[in-house]
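Single-structure report; data block below.
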Protein chains: 2
Amino acid sequence: MATMKDVAKEAGVAVGTVSKVINNIPVKPETKVLVEEAIKKLKYEPNVYARGLKINKTNTVAVILPTIWHPFFSELAYNIEKCLREVGMKMILCNSEKNQQSEIEYISMAKQNKMDGIIAITYSNIDEYVSEKIPFVSIDRYFSKDITYISSDNFQGGKLAAEKLIEAGCKNIAYIGRGSKIDNATRKRKEGFISYCTENNINYSICELLGSANEFEILLDEFIEENFKEKIKIDGVFAVTDRHALDFIKRLENINVNVPKDVQVIGFDGSRSFSQDEFKISTIRQPVELMAKKSVEALINIIEDKPLEKKVILPINFIKGYTTK
Amino acid sequence: MATMKDVAKEAGVAVGTVSKVINNIPVKPETKVLVEEAIKKLKYEPNVYARGLKINKTNTVAVILPTIWHPFFSELAYNIEKCLREVGMKMILCNSEKNQQSEIEYISMAKQNKMDGIIAITYSNIDEYVSEKIPFVSIDRYFSKDITYISSDNFQGGKLAAEKLIEAGCKNIAYIGRGSKIDNATRKRKEGFISYCTENNINYSICELLGSANEFEILLDEFIEENFKEKIKIDGVFAVTDRHALDFIKRLENINVNVPKDVQVIGFDGSRSFSQDEFKISTIRQPVELMAKKSVEALINIIEDKPLEKKVILPINFIKGYTTK
DNA sequence: TTGTAAGCGTTATCAT
DNA sequence: ATGATAACGCTTACAA
């Protein structure tokens, strides 16, 4: 593989001059032509590692998320990669599996590899590792006022879900979802839901648990037994994610409760398995593409040390599917 | 950020010694302790770019696929990342969108960035860019006898689909799918299907088109009009992918044909949207995890210049879903 | 076993 | 405008 030195010799100039041509620093036009011809002739390509060593930039961003094997994250990652590529950056994919140790390892890897920044979706306590030492953008999760974070408007989403259920004729509505000590995104969905209900004097129930998936299942079974088995006491449900919604709907089907005739259901996320997929259940859709775009923009602003908003909340919207009337 | 020199000074040894400790080259135990303490104290982390410059390895692999925003590819990418990580490598995600130009750019990027190798799923003609100059593993697509490729047993899958339809009581079966000049994987599925039918003297129809998605839709409409509208002439269908199967089933529903009562359907892929998702339609499942594993293994063998099989065909299996009896 | 120093391919500073 | 050269942080051959 030809090096800059070879090109310089071939063109009859000094390496510094070649470097200037490569980096678009003005040189005499004739010289430029000479150099460019030599580059073409020798099929020269700059060595990014030598360059990285000098300028300490790699045009590489680590994207940490629980797992790419999930429609929401794969859609997000797809869009993030697209945005990064547009600005000439590369994306390292990191599946943390929500494992704190993994997340920490990935962060350390990113620092070690002199990556230019990190975009992360994480639900564990990694506050102390997220230093100012590497540009960091958090999606969905608030760390501290110093860490930029991008999120969709979960509170408004919860409100909207309640509103849409009521609009669709529901009289007794409920929120269901497994909570988390750390994930404020889902908490805000619940708060939005409650907020709408209190403001409008609407009766509501909450089926929530901050615990393991198994414990939540048990709670959910009880909740269904209580409210849907003998007599249908609740006719509208807002599930904290589409997956919870889907799971809930299946349980209703099992006891022959019809959706949306007997019970209407709204989920949250609105992610599809692939770009031409259709929306199926009624849901509050997160603006995934915009989230990706804003995350990348924010990261670049941090890298370039430009002023930026530390907190970006993006608008959600309602998508009607078959689970509401 | 501390450098090796700082560590050397702190530990009272030479840089060469520190390097040895880092690279697990034997040194006197006491010295090792000394160095390790200095490393910890200074929070030293090696600069991968300086190292890359020297040894010309980056522990980075480019994974090129059409789009991560698709269950099959996201499951595959998830597993590839996992395998790569286990051997200390990083994965650069490349969404080609099946665009040849993109693929070429990514390949060139991989070479330029001195990545250690490429794992790619591509359906375009990039043969000439896939040189021996960078370790390359192709999934699902055969290039030449020099390029290693990993694939599931598509032929056997087609056979198995036909067999299962017959086993389930179908009398008149058909293959449907959009073909491609380049993608031999799907072609083999068809061939397997046909092979089973001819061997067993079974009547079969083929609804296939090597053209645009739109053209295929038109053909499919005609096919349905002809075979399912007035009278149901075909009672078993093997669709070349799960997506084709799903689409086909929806069309049948539209004309009130019941699956699996009137018509049974088997798809291909068996990918799920996320790890705990369930299989829904009957399908020929590709061994995604194994494909990922074998791809990474093969790539590493190429990198390390070890002997390897240039062609790895992996076993498929049938998964029964609601679309067959 | 350990220290010394050359060199990897760039960029950037200084002279010219 | 261009050429010469030091420096980036590391590995490795060689010397001690």
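Lettering follows sequence order; numbering is per chain, from 1.
If you take NZ of K20(B) and P of dT12(D), they are 10 Å apart, rounded to a whole angstrom. Computed from coordinates, the Y44(A) OH to dG9(C) P distance equals 10 Å when rounded to whole Å. Straight-line distance from the NZ atom of K5(A) to the P atom of dC8(C): 6 Å, rounded to whole Å. Atom pair K9(A):NZ and dT10(C):C1' shows a separation of 17 Å (rounding to whole Å applied). Between the CG atom of N23(A) and the C1' atom of dG9(C) there is a distance of 13 Å, given to the nearest Å. We find that CG of N56(B) is positioned 8 Å from P of dG9(C), with the value rounded to whole Å. Spacing between atom CE of M4(B) and atom P of dG3(C) amounts to 13 Å, rounded to whole angstrom units. I55(A) places its CD1 atom 14 Å from the P atom of dG9(D), with the value rounded to the nearest Å.
Between R51(A) and dG9(C) there is no side-chain N or O to OP1 or OP2 distance below 4.0 Å. Residue T17(A) has a polar side-chain atom (N or O) positioned under 4.0 Å from OP1 or OP2 of dG3(D). Within the 4.0 Å cut-off from OP1 or OP2 of dT2(D), at least one side-chain nitrogen or oxygen of T31(A) is found. The shortest distance between the side-chain N/O atoms of S19(B) and the OP1/OP2 oxygens of dT11(D) is below 4.0 Å.
Nucleotides of DNA chain C nearest to L53(B) and V13(B) differ in position, and the one nearer the 5' end is that of V13(B). Mapped onto DNA chain C by nearest heavy atom, K32(B) and A50(B) fall at different nucleotides, with K32(B) at the one closer to the 5' end.
T3(A) comes within 4.0 angstrom of the backbone, heavy atoms only, and of no base. Nucleic acid contact for P26(A): none, since no nucleic acid atom lies under 4.0 Å from a heavy atom of the residue.
The aromatic rings of Y149(B) and Y142(B) lie perpendicular to each other, with more than 60° between the two planes, well past the 30° mark. Between H70(A) and F72(A), the ring planes are perpendicular. Angles over 60° get that label, and only those under 30° would be called parallel.
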Q | Evaluation steps, side chain to side chain donor-acceptor pair (under 3.5 Å), between S124(B) and Q100(B) | A | CA-CA 6 Å; S124(B) 30; Q100(B) 183 180 352; 5.2 Å; no
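Side-chain N/O atoms of N59(A) and R51(A) include no donor and acceptor closer than 3.5 Å. Checked by atom type, the side-chain pair E103(A)/T122(A) shows a donor-acceptor distance below 3.5 Å. In the model, Y129(B) has no side-chain atom that pairs as donor or acceptor with a side-chain atom of E105(B) under 3.5 Å.
One finds the OG1 atom of T31(B) at 10.5 Å from the NZ atom of K20(B) (value rounded to the nearest 0.5 Å).
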Q) Please, what dot-bracket string fits DNA chain D when only Watson-Crick and G-U pairs with both distances under 3.5 Å count, crossing ones use [ ] and pairs to another strand use |? A) ||||||||||||||||
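No hydrogens or angles were tested; on distance alone, a donor-acceptor pair under 3.5 Å links the side chain of K54(B) to the base of dT11(D).
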